[in-house]
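In what follows, chains are A, B, ... by sequence order, proteins preceding strands, each numbered from 1.
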2 protein chains.
Amino acid sequence: MTARSSTDANRVIPEATVARLPVYLRALTALADQGIRTCSSEDLASAAGVNSAKLRKDLSYLGSYGTRGVGYDVDYLRYQIAREIGVTQDWPVVIVGIGNLGHALANFSGFRSRGFRVVALLDADPALVGQTVAGVQVRPFDELEETVRTNDVAIGVIATPAVAAQDVADRMVATGITSILNFAPAVLAVPEGVDVRKVDLSIELQILAYHEQRKAGGADPATVVGADGGAA
Amino acid sequence: MTARSSTDANRVIPEATVARLPVYLRALTALADQGIRTCSSEDLASAAGVNSAKLRKDLSYLGSYGTRGVGYDVDYLRYQIAREIGVTQDWPVVIVGIGNLGHALANFSGFRSRGFRVVALLDADPALVGQTVAGVQVRPFDELEETVRTNDVAIGVIATPAVAAQDVADRMVATGITSILNFAPAVLAVPEGVDVRKVDLSIELQILAYHEQRKAGGADPATVVGADGGAA
């Protein structure tokens, strides 16, 4: 399953590289906005917050090696990465759970500018149904199946309390959704073939607390090693 | 810098393990809430969404090996992990930027239950100053220095628009804050010794889009390999 192949569909891209591609894309967009046409791997690495050796390795998976003495063509590399990620497509998204976080997500302009179109906001609370958030009217959660079918929804976002998250995920999977972004503080059980990405706000804070504690205790932060085995 | 040592302060814990400790802690809390006193590594791994070999390896960094035939003592392992992360301490947090996302963060109960106390909400917009969110009154951003000093703030959270994020980070660093959680879609430049964790909502969606595209194109999702080199 992990053998390399020369065909695009079977090419192996490490998960950690996939996670950095959107970061490179954002950095390239910022360079392009400043009118910069070409950039060195060092410039791009610095803008993306990684080291340049890792950047070059990552881009080599896309077959992008730059030109010696010139660097990377900013526009072409943007196109290559966007195509690889799939953000040149249109991705209809449904958000379930329109509390504070659901409101923030619905209003988040970064979704729209990257091909993610929030086509529906659903909530089980009748008090929220009918409200308009970011130009979209909140609908009852029971309309999930119809919404997914009508709008060809590809990605479901869960912004409900933890206790409701598994039920919402089950209903999403039953409608054929195979990609879920989960903001609820719960581990979701889903069948094979369904991808779940989890954003847990408190977990990021706990990771910071770990480092802060080490600093306060006088420990050398460099004794924590990165996922790639290098010093963090 | 990465040599192992027998002293606590210099013990090497891989960054990827640090990132999973809060996930184990949450899974253990859920087990304890169900009245479960001991658990096997398989049970805990399943609740945390990792494989059990990885779990055992992670816990071995904490010196936790469980008891053969019995498994792990749920309460004791919770204590060990909480102490390792530092969430047995009190962490005063300041949130800068009280738009939709700042509101959601201020209301997020998961912070308080894990030792993170939101002591101040700051915003540069005079229209927001004076409002009360989650029981805390929004104060002018210019009170940052005084707020950090008075409350001994350890962690700063940035929930501003991208354009303001670097200025906020610079001001935070100048006041002595060395841990920043950044929600703004911007790469922050900070001096060595300052930890920045970035939560980018659109990046998680883009990673899902990558996988969704591969599924739609008939590619085998198993050709994506995890950060540890195993099949995802």
Side-chain angles (χ1 to χ4, degrees), chain A residues 1-2 9-10 12-16 18-19 22-23 26-27 47-49 85-87 89 91 100-101 103-105 107-108 110-111 114 116 154-155 178-179 181 185 187 195 197 199 201-213 215 217-220 222-227 231-232, chain B residues 1-2 9-10 12-16 18-19 22-23 26-27 47-49 85-87 89 91 100-101 103-105 107-108 110-111 114 116 154-155 178-179 181 185 187 195 197 199 201-213 215 217-220 222-227 231-232:
Chain A
M1 300 292 257
T2 57
N10 292 316
V12 175
I13 299 188
E15 191 62 38
V18 170
V23 180
R26 188 175 53 201
I85 301 174
V87 290
Q89 302 181 21
W91 297 102
N100 284 295
L101 186 59
H103 266 82
L105 294 173
N107 278 300
F108 183 57
F111 287 170
R114 288 174 186 89
F116 301 101
I155 298 177
T178 54
S179 290
L181 185 59
V187 175
D195 285 301
R197 300 284 307 181
V199 182
L201 311 172
S202 76
I203 281 182
E204 295 294 333
L205 265 185
Q206 289 178 65
I207 295 168
L208 276 176
Y210 172 86
H211 292 290
E212 190 65 25
Q213 179 183 234
K215 281 184 280 197
D220 181 349
T223 55
V224 175
V225 298
Chain B
M1 299 291 257
T2 57
N10 291 315
V12 175
I13 299 188
E15 191 62 38
V18 170
V23 180
R26 188 175 54 201
I85 300 174
V87 291
Q89 301 181 21
W91 296 102
N100 283 294
L101 186 59
H103 266 82
L105 294 173
N107 278 299
F108 183 57
F111 286 170
R114 290 175 184 86
F116 301 101
I155 299 177
T178 54
S179 290
L181 185 58
V187 175
D195 285 302
R197 301 281 311 178
V199 182
L201 310 172
S202 76
I203 281 182
E204 295 294 332
L205 265 185
Q206 289 177 64
I207 295 167
L208 276 176
Y210 173 86
H211 292 290
E212 190 66 25
Q213 180 183 233
K215 282 184 279 196
D220 182 350
T223 55
V224 175
V225 298

Shortest non-hydrogen contact from A/Glu212 to B/Trp91?
CG-CZ3, 3.1 Å
Gap separating the CG atom of A/Asn100 from the CG atom of B/Asn107, nearest 0.5 angstrom
4.5 Å
Kindly write out the residues that satisfy side chain to side chain contact (heavy atoms under 4.5 Å, CB included) with A/Ala47, not counting sequence neighbours, or none if the list is empty.
A/Ala27
Closest approach of A/Ile207 and B/Pro22, non-hydrogen atoms and distance?
CG1-CG, 4.4 Å
Atom CG in A/Leu101, atom CG in B/Leu101: separation rounded to 0.5 Å?
7.5 Å
Identify, with sequence neighbours excluded, every residue that meets side chain to side chain contact (heavy atoms under 4.5 Å, CB included) alongside B/Val187.
A/Arg26
Working to the nearest 0.5 angstrom, can you tell me the gap between B/Gln206 CD and A/Ile155 CD1?
10.0 Å
State, yes or no, whether a side-chain contact exists between B/Tyr210 and A/Ile13 at a heavy-atom distance under 4.5 Å.
yes
If I measure from the heavy atoms of chain B, does A/Ile85 come under 4.5 Å with its side chain, its backbone, both, or neither?
both
B/Leu205 versus chain A, the contacting section by heavy-atom distance below 4.5 Å
both
Which distance, rounded to the nearest 0.5 Å, do you find between the CG of A/Asp195 and the NE2 of B/His211?
5.5 Å
